[in-house]
Amino acid sequence: YRITGTLSRGQIFVDLGDGAKTDPGAVVTLILDNVDLTCTVAPAVFFYQVYECDTDWVAYDAGGAEDYAASGVADTSAAGANVILAAGSENNITGSHVARIYKEGTTKKLHKYDGAFYSRMSMNLSGDNGDDTGVLNIVADNEGLDSELHLTINGGTICIESQDDGINTNEDGVSVTTINGGSLTASGTGNSDGILFYVGSSQATGATTSLTVSDNAIVRANGGIKASRVDEPTPSGTGIVFDGTEGTVYGDVTLQEDLEIGNDETLTVGKDASLTVPDGKTLTNKGTVTNSGTLTNNGTIDNSGTLTGT
């Protein structure tokens, strides 16, 4: 479904029915093509019932399997919730959340959806066939981009401004966030996190969390990267990750866009990593860049801060 235009009071709500969770055909792709959408009472974009591609988790969650082996890797290519940012488009999503709603006469939770852009199942958010010029801006009065299981970002330019966590991926057994290229900035205000891996059960101490980057992705978690009740993940793969103000280069990275290191920011190129500034791209350093690996400049380095190890 290709969506374009403005809706000042409304919601995109995807519900393929009660059997969708186990139906591999229950797949929806939304192509956002210059969308301006505002919802002040609930998530503005909400995948409610679609296919869950992690079939092992589905079996475990339904009581059909005794254990769930969390691997830290999730293949979401068959996910039922998919969003594509059309090339050259700018999409502005302003959303709210749903606080706890209980079953009448009980304390059993029926509904609680914390994010402005929300999926109850694993979700893919992608650029347009390798074109990362599509932009998604999310403004949230609570959390920003949420998936109740796995989240994979395949390119595009995503900016999140939230009053709580910028990104929250959560489930009792495993949270896997994968970022394959593009640019992601997730900002939580106050004491909130840029990216939060939430493990909901206090008994789920064996849960794993994973943040994987590839294809020269740049990730900025302005409120930091945190996990509840389990160890925080160490990013892996190929890309640049800012955990708050501290940036690290993972693997062999070539800038796909200009990059600025702010006055209070650091960027570290470790001994097993490399950073290449290609022709036509600029690395602007107003903070501190520490190079213990390889820093190659074929473009422009504009340095007014501290640059060591060149």
Side-chain angles (χ1 to χ4, degrees), residues 1-17 20-21 23-39 42-54 74-96 113 115-140 143-162 166-167 169 177-186 214-219 256-257:
Y1 299 88
R2 183 177 294 271
I3 303 171
T4 189
T6 300
L7 183 60
S8 59
R9 288 186 294 179
Q11 179 188 58
I12 299 172
F13 187 82
V14 180
D15 183 358
L16 299 188
K21 188 174 184 178
D23 179 3
V27 175
V28 170
T29 299
L30 305 178
I31 303 173
L32 303 185
D33 192 355
N34 292 309
V35 172
D36 196 331
L37 172 63
T38 299
C39 182
V45 177
F46 193 177
F47 288 91
Y48 186 67
Q49 293 190 111
V50 293
Y51 177 59
E52 175 49 63
C53 58
D54 191 340
D75 180 3
T76 62
S77 57
N82 301 277
V83 177
I84 294 175
L85 306 177
S89 68
E90 182 170 348
N91 305 280
N92 300 304
I93 305 297
T94 301
S96 186
Y113 312 116
F117 202 115
Y118 198 95
S119 179
R120 294 178 65 221
M121 312 300 173
S122 295
M123 175 168 56
N124 295 313
L125 205 165
S126 306
D128 193 351
N129 292 317
D131 189 325
D132 294 336
T133 58
V135 175
L136 174 61
N137 299 312
I138 299 174
V139 177
E143 294 177 356
L145 177 62
D146 284 18
S147 169
E148 290 191 10
L149 198 52
H150 308 308
L151 173 66
T152 300
I153 296 174
N154 298 304
T157 299
I158 302 168
C159 300
I160 302 168
E161 295 183 9
S162 62
I167 292 178
T169 51
T177 298
T178 305
I179 302 166
N180 300 315
S183 174
L184 167 65
T185 302
S214 69
D215 296 335
N216 305 293
I218 298 176
V219 178
Q256 304 299 299
E257 59 187 79

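Minimum interatomic distance between Lys21 and Tyr51 (heavy atoms only, all atoms of both residues): O-CD1, 3.3 Å. Looking at every heavy atom in both residues, Val27 comes nearest to Ala78 through CG2-O, 4.3 Å. For Arg2 against Ala86, the heavy-atom pair with the smallest separation is NH1-CB, 3.9 Å. Taking both residues in full, the closest heavy atoms of Cys39 and Ala44 are given as CB-CA, 3.8 Å, listed atom of the first, atom of the second, then distance. The two residues Asn180 and Ser214 come nearest to each other via the heavy atoms OD1-OG, 2.5 Å. For the residue pair Asp75 and Ser77, the shortest heavy atom distance occurs at OD1-OG, 2.8 Å.
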Exercise for the section: Show the numbers, then the answer: is there a side chain to side chain contact (heavy atoms under 4.5 Å, CB included) between Val135 and Asn137? Expected result: CA-CA 7 Å; Val135 175; Asn137 299 312; 3.6 Å; yes

Exercise for the section: Please lay out, stage by stage, how Tyr113 and Asp146 fare under the test side chain to side chain contact (heavy atoms under 4.5 Å, CB included). Expected result: CA-CA 9 Å; Tyr113 312 116; Asp146 284 18; over 6 Å; no

Problem - Residue pair Ile167, Leu184: steps toward the side chain to side chain contact (heavy atoms under 4.5 Å, CB included) verdict - result: CA-CA 10 Å; Ile167 292 178; Leu184 167 65; 3.6 Å; yes

Practice task
Report the C-alpha separation of Val83 and Phe117 in whole Å, then their side-chain angles, then the decisive distance to 0.1 Å, and conclude whether the side chain to side chain contact (heavy atoms under 4.5 Å, CB included) test is met.
Solution key: CA-CA 11 Å; Val83 177; Phe117 202 115; 3.9 Å; yes

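At a cut-off of 3.5 Å, with distance as the only test, no side-chain donor of Asn34 or Ser89 sits close to an acceptor on the other residue.
One distance of note links CZ of Phe13 with CD of Gln49; it measures 7.5 Å at 0.5 Å rounding. The distance from atom CG of Asn216 to atom CD of Glu257, rounded to the nearest 0.5 Å, is 10.0 Å. Leu149 CG to Ser122 OG: the interatomic distance, rounded to the nearest 0.5 Å, is 4.0 Å. Within the model, atoms OG1 of Thr185 and CD1 of Ile218 stand 9.0 Å from one another, a figure rounded to the nearest 0.5 Å. One distance of note links CD1 of Ile31 with CD1 of Ile84; it measures 5.0 Å at 0.5 Å rounding. How far CD1 of Ile160 is from CG of Leu145: 4.5 Å, rounded to the nearest 0.5 Å.
Without hydrogens or angle criteria, Thr177 side chain to Leu151 main chain gives no donor-acceptor distance under 3.5 Å. Judged by distance alone, with hydrogens and angles left aside, the side-chain atoms of Asp23 form a donor-acceptor pair with the main-chain N or O of Gly25 at under 3.5 Å. Counting only distance, with no hydrogens or angles, the side chain of Thr133 and the backbone of Gly88 share a donor-acceptor pair below 3.5 Å. No side-chain donor-acceptor contact under 3.5 Å links Asp215 to the backbone of Gly181. No side-chain donor-acceptor contact under 3.5 Å links Asp33 to the backbone of Ile3. A donor-acceptor contact shorter than 3.5 Å links the side chain of Thr157 to the backbone of Asp132. Counting only distance, with no hydrogens or angles, the side chain of Asn124 and the backbone of Thr76 share a donor-acceptor pair below 3.5 Å.
Heavy atoms of other residues, nucleotides or ligands lying less than 6.0 angstrom from CD of Gln256 number more than 12.
Screening Thr6, Leu85, Asn91 for a side chain to side chain contact (heavy atoms under 4.5 Å, CB included) with Val35, the sole residue that qualifies is Asn91.
Judged by a 6.0 Å distance limit and a 45° cone about the ring axis, Arg120 is not positioned over the six-membered ring of Phe47.
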